[in-house]
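Notes to accompany the following structure.
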Amino acid sequence: MPQPQDNARVIFLIVLIFWLASSPDSGPSLIAGPSVIKNRLARQRHALGILNSTQWGDFAPRLADDTPEAEAKYLNLTGFREEDGYVWEDLPRFKDRCEEWSKNAVGIPEAAEPVWQNATGVVHGWWRRANTSIPRYHSSYNLSEITPSVSWVGANSEWGRNVTGAEGKILVRIEDNQDGATEPEEVDKMVLDKAEIKAREVSATINLDDIEGSGSSWEMRLHGVHWPRQGAMLLTTTSEKFAGIFGLPHLTTRSDYFESSKALLNRTLDKALKKKEEHTFTDQTDPWSSTVDAPVTGYNPSPHCEYLLYIQVHPLDQDMLGVQPSLTGPENVAKAIQDIENELRFPQGTGHRRIPRLQMSAVVYSPDCAFFLETKGPPAYAPVDGLHLVGLKQEVFLHKISTFLLALAVIVFAQLQLLKLQMRETSTPSTLGRVSFYTGCMMLLADGMLFTGSAAWSFSASTTLLPSLAVTCVSFLSMTVGTFFLTEIHKVQEPEWRRQERERERERQNTPANTPNTTNSTPPSNARRTPANNPPPPSTSPPIIIPSDQDVDAEIAQVTGNTNNNTTATLPTPVTAATTIVPAAENLRTQLSNIFGRLLLIGISILFISLAAASWRPSFRSAYFNTVLFAYLSLWVPQIYRNVYRNCRRALSWRFVVGQSVLRLLPVAYFYAQPNNFAFAEPDPAAFLALAGWLWLQVWVLAAQSVLGPRFGVPRGWMPDAWEYHPVLREDNVEAGGLPIGLVSAPGSPTTTTSPEDGRGGKKTSGNSHSNIHFIDCAICREVLEVPVVRAGCDDPAAGGVAGVFARRAYMVTPCRHVFHSACLEGWMRFRLQCPICREELPPL
């Protein structure tokens, strides 16, 4: 029969599987899927035909201030029709803003400054929201009329991706494939120069954080066209209610942009549709879907806001580029940019000192949800408020990630070496009993989560494959060694846990609620005692010597219980009895499997919650990660409690404690204190200082326990009694046996007249009038040991203070009343928990 923990884990897995199986799936089924895909492809083929038959100026919607008699032109495309009701009245405003952005960045089109020709990279910045001239809400649209063949879910509720806050953050990942389709189409690379390319297909993934509004975060995929020579890009979302990619040429700002993008899209869209039509059954994805995780069109899609994104690439920093256009001309600047791009893409060893950053400005226009988003930067905003979108080229970004992963692998390897050295020092039952099992569990949990994350990253990594494999390998080794270390700790401390469990069970049984009523069964006091009712005298048994690393309390309790019961209890237990003795090895494996199973479940839960937290409100997301890191950096709290509970100190070496603290804090410092980290996380110095201060406070507490004692400042009744190896010695405790052997001397004995220079015992009066200094030979090192003893009838006020604590740290007194140097006895007890003189069992430190 499985253990209760196994039952709980199985129930949790069943509930998780049921939840995943019962989650709504709006994707098409295997039978109805091909018909849904064919209908979608038919609509897209019709939209492509509309694009082929239209010219520049065929889409000229009515403006907000136009009269009803004014001529307006619309397209027969979903979302571009007049009856659809989209806010196309602000399209000229969007185009004017795009041209203004381009002019501020690169100048007039006739003399534009050279920019990056390949804009692949990651940029981020802040945006500011502005309303359109005419407001629109989800209730302003009738989706059944816009898309009669599509059934929408939640059409009458708030749409997704609806930005309502005044400002927020944006992250853009651009995929500008230099080998992608271009206009004109390259036939011979020797004849057609790259500089003559007019347009190239591009795609981007953007993350929008509505910080001041709903607090939500959205991720979406956009497709469009890039004009490399001008550094301009226009991208759009595409869905069942908006044929964005098929009407994109009509949203451009210039006629030459229209012609090049139309020629490019006619060819690329037709090629993509032909491929989809040939694989209707096997490939049901929509290549222009804006949903990143689920690009398959479903039966019942949910409506969301549509986006138009215009991006203008900014010129490079001339100081970092090392070329001045006023002296060498823009042609040499373009040649220098091309050399950098060629070196980044095909490294030849002719690298530059520093790669200029990637900077862009962007304008976002939502024609159905009626709002604008503009990046914050000059000239509308001061440079301190924002620099539009700033980031790194893809090659530099991946190099930064690889460097971080390699550094992380080195950090984990250093943690592994510290753990191996610590295992070498704590290789005996006495030393293993001091180490906190839960501190090791927290380290193992962190290493296991790192191994899982790096292994998952390795499956999809290409450029960063080798660094991620290095992190995976080192974290696996660290996790393996940590598991072995925890197993050894569990073997030593498991008997202690069983004794504690039995003590708690006895306390529960001895409570008044569980005590049986024995009033009627008690014989009267004047009753004549007979041999039958006289209880037999308790039988004396010889003392049992129990090694410190074994637990036979259960066997002793069982034998004692059988002796106190009636005579039938002394009979052999039948084979069918419910009480069985589980073998120690099998019991150990079961307990370890339960413990490691819990750690695995906790780690997986934290990983899934952390992935889900990426889309939370920024304040909630920050609070969650701060809480997780606070719990992770509390790894020395269990060790502090273990020291107090066991009255032990120096369980771990200072090299291990300080080294692990520094190494485990370094990755946190990278994201919390480094402003240019690859995750573009906002630095939070206050939170980092709080986390680092909390970690080092624990280290200082461990240092105080090592110097002042584990229970210094802890009330006596808060912890169970433990043997004090550094007691305050008094001369008037002789009759009570309080002074150690060797310090008790009768009048006239030789120890009272000899001097310490003779190598034998003696005493002298100390500078303190309340105590004497006794001399005795340490049986381990054979050197003289000075022991302060309070005089009879005196009370030394300094004995309980810090000075008295330091004085008592020089010696240790065993329960068998032998005294040794502290360093000598601690070194001895690392290997044997027996007195070096009388071989009496010693309590562990």
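Keep in mind that this is a model prediction, so the values were computed, not measured. Computed from heavy atoms alone, side chains included, the values below leave out hydrogens, waters and symmetry copies.
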**OP:** For the pair Glu505 and Arg502, find out whether any cationic side-chain nitrogen is under 4.0 Å from an anionic carboxylate oxygen.
**Re:** no
**OP:** For the pair Glu425 and Arg655, find out whether any cationic side-chain nitrogen is under 4.0 Å from an anionic carboxylate oxygen.
**Re:** yes
With a cut-off of 6.0 Å (strictly less than), are more than 12 heavy atoms of other residues, nucleotides or ligands near [atom1] of [X]?
X: Trp696; atom1: CH2; answer: yes
X: Tyr624; atom1: OH; answer: yes
X: Phe688; atom1: CZ; answer: yes
X: Arg839; atom1: CZ; answer: yes

Original post:
Does any non-hydrogen side-chain atom of Leu785 lie less than 4.5 Å from one of Val787?
Top reply: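 Yes - at least one pair of side-chain heavy atoms lies under 4.5 Å apart.
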**OP:** Verify the ring-centre separation between Phe625 and Tyr672: is it less than 6.0 angstrom?
**Re:** no
**OP:** To the nearest 0.5 angstrom, please state how far the CE atom of Met423 sits from the CD atom of Glu488.
**Re:**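 It comes to 7.0 Å.
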Original post:
Could you go step by step and tell me if Thr439 and Trp636 meet the side-chain hydrogen bond (donor to acceptor under 3.5 Å, both in side chains) rule?
Top reply: CA-CA 6 Å; Thr439 295; Trp636 303 125; over 6 Å; no
Original post:
Mind checking whether Tyr641 and Tyr645 have parallel, tilted or perpendicular rings, split at 30° and 60°?
Top reply: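 The rings of Tyr641 and Tyr645 lie parallel, inter-plane angle below 30°.
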**OP:** Assign the ring pair Trp497 / Phe437 to parallel, tilted or perpendicular, where the plane angle (0 to 90°) is split at 30° and 60°.
**Re:**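 Taking Phe437 first and then Trp497, their aromatic rings stand perpendicular (interplane angle over 60°).
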